[in-house]
Amino acid sequence: MAGFRINRRRFLSAAALGASGIALSGCDAFDSVSDTDNRVRHLLERANDLTYRVQRLLGGRDSLAQEYTEADIRQPQRPNGVTSPNDDTYKGLLANNFADWRLEVTGLVEKPLSLSREQLVAMPSRTQITRHDCVEGWSCIAKWTGVPLSLVLDEAKVKPQARYAMFYCLDTIEEDEDGPIKYYGSIDMIDARHPQTILAYGLNGGPLPVANGAPLRVRVERQLGYKMPKYLRGIELVSSFEDIGDGRGGYWEDRGYDWYGGI
């Protein structure tokens, strides 16, 4: 069974990276409206749907990503993307060691939450040694510690109509005529309640570093790295993300990446 899991993971990784590679090499092309561009987008959407269905079919709702041993950790977790947010709000929180930071849980919940880092750390935790697979083609094994997202959702009492968890972050990715665009992303409720989906505040036995997303980042171990937002400030439970960004469920998804990003 272990060999089957590894082979399945490699197969799904290759499929996802192949589709994402098209997006990486030509994201700007999606801004045009030619028939060729529309066919390419349709191809990517079908590949994304296939990856989602294959993973659900082969692995099921609660199948686990491979976990490793301490001996497999051979280097620090490689940071990527934004590694030191220059936002005034973030710098102010960092200067106070995140004492004033709160995780806001809103949307389709009966009990909205505003949780400090200390409150999250006091909740039951999970530690897992897993491999981070980046859409850029590199991987890194690290030990993550955090609170299972399912426990936070249970505390908030999610309403039945919620289908997705939207993540909102503190780091600005770009600015346009309307102002700064901060990172955002989403997963469905199956992955939100997966046993390995955690809100991580610890890395390799110590506090989560700024370069890796402090004070809190998402770990969704069956997805590619861009599905694991850093510098988390809020979670919104929604029935649809059609009115968020360009309606595709995330910053990179709105620019041509797969929504699912499964491996």
Side-chain angles (χ1 to χ4, degrees), residues 27-28 31 76-107 109 112-123 132 134-136 142 144-147 149 152 155-156 164-187 192 197-204 206-220 224-238 241 243-257:
C27 287
D28 293 342
D31 292 334
Q77 172 64 32
R78 176 177 173 177
N80 66 307
V82 174
T83 58
S84 182
N86 196 38
D87 307 73
D88 289 340
T89 298
Y90 183 84
K91 290 191 293 185
L93 292 168
L94 176 61
N96 198 25
N97 195 29
F98 301 109
D100 298 324
W101 172 89
R102 296 292 185 275
L103 175 69
E104 306 293 336
V105 183
T106 61
V109 297
L113 303 176
S114 181
L115 301 170
S116 68
R117 187 169 59 172
E118 289 71 22
Q119 287 175 303
L120 289 166
V121 171
M123 296 178 71
H132 180 104
C134 182
V135 71
E136 296 171 349
W144 303 92
T145 298
V147 55
L149 176 54
V152 174
E155 181 72 17
Y164 305 101
M166 288 294 312
F167 302 112
Y168 300 105
C169 304
L170 289 160
D171 54 320
T172 295
I173 305 299
E174 63 171 292
E175 295 200 25
D176 62 14
E177 62 276 9
D178 296 321
I181 300 175
K182 296 182 183 295
Y183 198 81
Y184 55 98
S186 66
I187 57 176
T197 299
I198 64 174
L199 303 177
Y201 48 74
L203 174 61
N204 289 336
L208 184 67
V210 168
N212 297 110
L216 197 71
R217 73 170 297 164
V218 186
R219 293 299 305 175
V220 190
L224 291 165
Y226 68 88
K227 299 298 296 186
M228 309 186 202
K230 302 180 293 184
Y231 312 113
L232 195 60
R233 67 170 177 83
I235 301 173
E236 182 185 14
L237 283 301
V238 299
F241 33 69
D243 295 326
I244 300 170
D246 290 336
R248 294 184 175 273
Y251 174 83
W252 285 117
E253 292 88 334
D254 284 342
R255 288 151 182 81
Y257 281 39

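Side chains are part of it too, since the values below use all heavy atoms of this structure and drop only hydrogens, waters and symmetry mates.
- Between Ile198 and Thr145 the shortest heavy-atom distance is CD1-C, 4.1 Å.
- Not counting sequence neighbours, Asp176 has no partner by the side-chain hydrogen bond (donor to acceptor under 3.5 Å, both in side chains) test.
- A distance-only check finds no donor-acceptor pair linking the side chain of Tyr184 to the backbone of Pro229 [under 3.5 Å].
- Considering every non-hydrogen atom in both Val82 and Thr172, the closest pair reads CG2-O, 4.0 Å.
- Not counting sequence neighbours, Tyr164 has no partner by the side-chain hydrogen bond (donor to acceptor under 3.5 Å, both in side chains) test.
- Note that the CG atom of Asp88 and the CG atom of Leu93 stand 11.0 Å from one another [nearest 0.5 Å].
- Remark: aromatic rings of Phe98 and Tyr90 are close, center separation under 6.0 Å.
- Separation of atoms CG (Leu113) and CG (Leu120) is listed at 9.5 Å; rounding is to 0.5 Å.
- A donor-acceptor pair is defined here as one N or O able to donate and one able to accept, closer than 3.5 Å; such a pair exists between the side chain of Asp254 and the backbone of Arg248.
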* Derivation of the side chain to side chain contact (heavy atoms under 4.5 Å, CB included) call for Leu115 and Glu155 -> CA-CA 11 Å; Leu115 301 170; Glu155 181 72 17; 5.7 Å; no
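- Partners of Tyr201 by side-chain hydrogen bond (donor to acceptor under 3.5 Å, both in side chains), not counting sequence neighbours: none found.
- Distance check: Ile173 CD1 to Arg255 CZ gives 9.0 Å after rounding to the nearest 0.5 Å.
- Looking only at side-chain heavy atoms (C-beta outward), Tyr231 and Lys182 stay at 4.5 Å or farther from each other.
- The shortest heavy-atom contact between Ser84 and Val210 is CA-CG1, 4.3 Å.
- Between Pro209 and Leu203, the shortest heavy-atom contact is CD-CD2, 3.7 Å.
- Each of Arg102, Gln119, Glu104 was compared with Ser114 under the side-chain hydrogen bond (donor to acceptor under 3.5 Å, both in side chains) criterion, and only Glu104 meets it.
- Residues satisfying the side-chain contact (heavy atoms from CB on, under 4.5 Å) criterion with Arg233, sequence neighbours excluded, are Tyr168, Leu170.
- Between the side chain of Arg217 and the backbone N or O of Asn212 there is at least one donor-acceptor pair closer than 3.5 Å.
- In this structure a side-chain-to-backbone donor-acceptor pair under 3.5 Å is present from Lys227 to Ser186.
- Partners of Pro112 under the side-chain contact (heavy atoms from CB on, under 4.5 Å) rule, at least two apart in sequence or in another chain, are Val109.
- For Met228 against Val218, the heavy-atom pair with the smallest separation is CB-O, 3.0 Å.
- Judged purely by atom type and a 3.5 angstrom limit, Arg117 uses its side chain to pair as donor or acceptor with the backbone of Asn97.
- In this structure, Tyr226 and Tyr257 have perpendicular ring planes: the angle between them is above 60°, well past the 30° mark.
- Side-chain contact between Leu149 and Phe167: present, with at least one pair of heavy atoms (C-beta onward) separated by less than 4.5 Å.
- Partners of Lys230 under the salt bridge (Lys or Arg N to Asp or Glu O under 4.0 Å) rule, at least two apart in sequence or in another chain, do not exist in this structure.
- Residues Leu103 and Ile235 have side chains in contact (heavy-atom distance under 4.5 Å, counting atoms from C-beta outward).
- Distance CG/Leu224 to NE2/His132: 8.5 Å, rounded to 0.5 Å.
- Here the closest non-hydrogen pair linking Leu232 and Trp101 is O-NE1, 2.9 Å.
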